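For clarity, every value in this text was computed on a predicted model and none was experimentally measured. Throughout, numbering of the chain's residues begins at 1 and tracks the sequence. Hydrogens, waters and symmetry mates are skipped; everything else that's a heavy atom, side chains included, is used.
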Amino acid sequence: MPFTVCYVVLDSAGAAHLLDSGTDSPENRDHLSTQLLRIGVTLESVASLTCTHVHYDHIGLATWISEQNGVPIALHRFDRFDLESGAIEARFSDDADVLGERYGVPQAQRYRLSRAGAMAPPAPALDVRFIDDGEMLPIPGRSLYAVHTPGHTRGHLCFVMPEEKILLSGDHVLPDMYPGIGRGGTPPDADPVSDYLASLQRVAEYDDYLVAPGHGLPFVGLKERRTRTASHVLRRADEIRAAVTSHPQASTWEIASMIAWGGGWEALEGTRLQSALAQTRMYSVFVGGARGALEHG
Ligand SMILES: [Zn+2]
């Protein structure tokens, strides 16, 4: 991701409310402080911190601010649970045999699973406040409410500003790329692909809004973007369905090797390979091939 957008909403008393932040790094700390000062906001005076989801590129700097000024971070409870339980990172492993067994990876190929320099998961924030679907954020003089849009993570939230007709879409809908699905905790019976498609439908009532995404520039044309994104997901599902149907006994590894990957299957390794296998498993669940995939690795 080239950058993450941090949105600042000023309330009727002039206090600042932050929605999402960037990855925590010394440069980003400086950058955020400097940019806030340009609009007359100090970090100490930030009145609330809210995140669309718990990924480090959205919560990183919010965690840092929270530690300094004691303002809790508002999140959906599912993301908090998945962060605390370690489920967010469970699709990755540094133990090639754990993944090898899970996905039916042949011994001779397991070396490809090892990942170097993996990003550490964000530390659970000290103080968290839960936000529910439909909840209005406590921002004096502003109307801004949450919409639960599970898919990218189980607890992903979008935020709606009905008076300004703005949808803060986090990583649910992006202008320049297709968001990853199931990038949070995925319990064994979870079907994040179905959740994601339903969540794309869920924001249809904001099709005429300005979309302010977590990555990229604000855009109009939500309906077209939703449609394209859903088609991309369904094309992937068709591909997996065809592979599962023609090879009902195949392992997740074998199914993954039959479908098209950017850069080619043979070139996938490390985190990208682990992610490809997790995706294949997830789509297998979606197309109903879960039983075969689970029984045969
Ligand atoms: Zn993101």
Are Arg112 and Trp253 in a cation-pi contact, defined as NZ or CZ under 6.0 Å from the six-membered ring centre and within 45° of the axis?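 No cation-pi geometry.
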With a cut-off of under 6.0 Å to the ring centre and 45° to the axis, is Arg272 in cation-pi contact with Trp265?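 Not flagged: Arg272 not positioned over aromatic ring of Trp265.
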Flag the pair [X] / [Y] as yes when at least one side-chain heavy-atom distance between them is below 4.5 Å, and no otherwise.
X: Ser231; Y: Leu234; value: no
X: Asp97; Y: Arg110; value: yes
X: Leu19; Y: Thr52; value: no
X: Ile65; Y: Leu49; value: yes
X: Ser284; Y: Ile240; value: yes
X: Val54; Y: Leu75; value: yes
X: Leu99; Y: Ser93; value: yes

Out of curiosity, does Tyr178 fall in the hydrophobic cluster containing Val173 (side-chain heavy atoms, cut-off under 4.5 Å, transitive links)?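 Looking at the clustering, Tyr178 is in a separate group from Val173.
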Tell me whether the rings of His148 and Phe78 are parallel (<30°), tilted (30 to 60°) or perpendicular (>60°).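 Perpendicular: the ring planes of His148 and Phe78 meet at over 60°.
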Between [X] and [Y], is the gap from one ring center to the other below 6.0 Å?
X: His152; Y: His55; answer: yes
X: Tyr196; Y: His172; answer: yes
X: His58; Y: His156; answer: no

Glu224 and Arg228 ion-paired at < 4.0 Å: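 A salt bridge links Glu224 with Arg228.
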Decide, yes or no, whether a salt bridge links Asp133 with Arg202 under the criterion of side-chain N to carboxylate O below 4.0 Å.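 Here Asp133 pairs with Arg202 in a salt bridge, since their nearest N and O are under 4.0 Å apart.
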Mind running side-chain hydrogen bond (donor to acceptor under 3.5 Å, both in side chains) on Ser45 and Thr42 for me, showing each step along the way? CA-CA 5 Å; Ser45 71; Thr42 61; 3.2 Å; yes
